[in-house]
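First the structure, in the form of structure tokens, and then the observations on it.
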Amino acid sequence: MKTLKEVTCGSTVNVVRIHGEGAVRRRIMDMGITKPVEIYVRKVAPLGDPIEVTVRGYELSLRKADCEMIEVE
């Protein structure tokens, strides 16, 4: 499986699994990124960090480290 970090700009993917533990995993889930949700990758910064996505109708910026924990298909 690939992670959200590997998704190209303009793609829409579905969350399969969230890796990580404790507070980091909880923070990702509190932002609305849960198992069956659809994520649209809007923009990627020139150096690749952060990545701007649309989740549940709102824009969200994620660090590469957080994107590596989100498994998508």
Side-chain angles (χ1 to χ4, degrees):
M1 284 281 177
K2 63 181 178 178
T3 63
L4 187 58
K5 179 184 170 189
E6 300 165 358
V7 177
T8 58
C9 188
S11 300
T12 302
V13 293
N14 291 317
V15 175
V16 175
R17 185 173 178 203
I18 299 172
H19 299 278
E21 296 179 8
V24 176
R25 181 183 169 120
R26 177 59 84 224
R27 185 171 54 83
I28 291 171
M29 293 176 73
D30 287 345
M31 287 188 277
I33 301 173
T34 55
K35 199 170 183 178
V37 77
E38 189 174 87
I39 297 177
Y40 172 70
V41 180
R42 294 180 43 116
K43 298 179 197 171
V44 178
L47 297 176
D49 198 17
I51 298 171
E52 186 176 316
V53 298
T54 301
V55 180
R56 301 181 189 266
Y58 65 94
E59 284 81 33
L60 181 65
S61 291
L62 297 169
R63 294 178 291 191
K64 274 199 277 189
D66 294 339
C67 290
E68 287 177 341
M69 294 182 205
I70 303 168
E71 194 173 299
V72 297
E73 65 177 359

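No experiment lies behind these values; they were computed from the predicted model shown. Numbering of residues begins at 1 and proceeds along the displayed sequence.
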Quiz item: When rounded to the nearest 0.5 angstrom, what is the spacing between CG in L62 and CD1 in I28?
Solution: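 So the CG of L62 and the CD1 of I28 are separated by 7.5 Å.
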Self-check item: Qualifying residues under side-chain hydrogen bond (donor to acceptor under 3.5 Å, both in side chains), relative to S61, sequence neighbours excluded
Solution: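 Partners of S61 by the side-chain hydrogen bond (donor to acceptor under 3.5 Å, both in side chains) criterion come out as none, since no residue qualifies.
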Quiz item: Under 4.5 Å between side-chain heavy atoms, hopping through other hydrophobics if needed: is there a path connecting Y40 to V37?
Solution: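 Hydrophobic grouping puts Y40 apart from V37.
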Self-check item: Which residues share a salt bridge (Lys or Arg N to Asp or Glu O under 4.0 Å) with E38, sequence neighbours left out
Solution: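 For E38 there are no salt bridge (Lys or Arg N to Asp or Glu O under 4.0 Å) partners, ignoring immediate neighbours.
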Quiz item: For E52, which residues count as a salt bridge (Lys or Arg N to Asp or Glu O under 4.0 Å) partner, sequence neighbours excluded?
Solution: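 In terms of salt bridge (Lys or Arg N to Asp or Glu O under 4.0 Å), with neighbours along the sequence ignored, E52 is linked to R42.
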Enumerate donor-acceptor pairs with a distance under 3.5 Å from any side-chain N or O in residues 64-73 to protein atoms, sequence neighbours excluded.
unit_1, atom_1, unit_2, atom_2, d
D66, OD1, R27, NH2, 3.3
D66, OD2, R27, NH1, 3.4
D66, OD2, R27, NH2, 3.2
E68, OE2, K5, NZ, 2.9
E71, OE1, H19, NE2, 2.7

Practice problem: Mind running side-chain contact (heavy atoms from CB on, under 4.5 Å) on R63 and D49 for me, showing each step along the way? | Solution: CA-CA 6 Å; R63 294 178 291 191; D49 198 17; 3.9 Å; yes
Quiz item: With a cut-off of 6.0 Å (strictly less than), are more than 12 heavy atoms of other residues, nucleotides or ligands near CZ of R25?
Solution: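 Yes, the 6.0 Å shell around CZ holds more than 12 heavy atoms from other groups.
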Determine all donor-acceptor pairs shorter than 3.5 Å in which one atom belongs to a side chain in residues 7-17; sequence neighbours excluded.
unit_1, atom_1, unit_2, atom_2, d
T8, OG1, S11, OG, 2.9
S11, OG, T8, O, 3.1

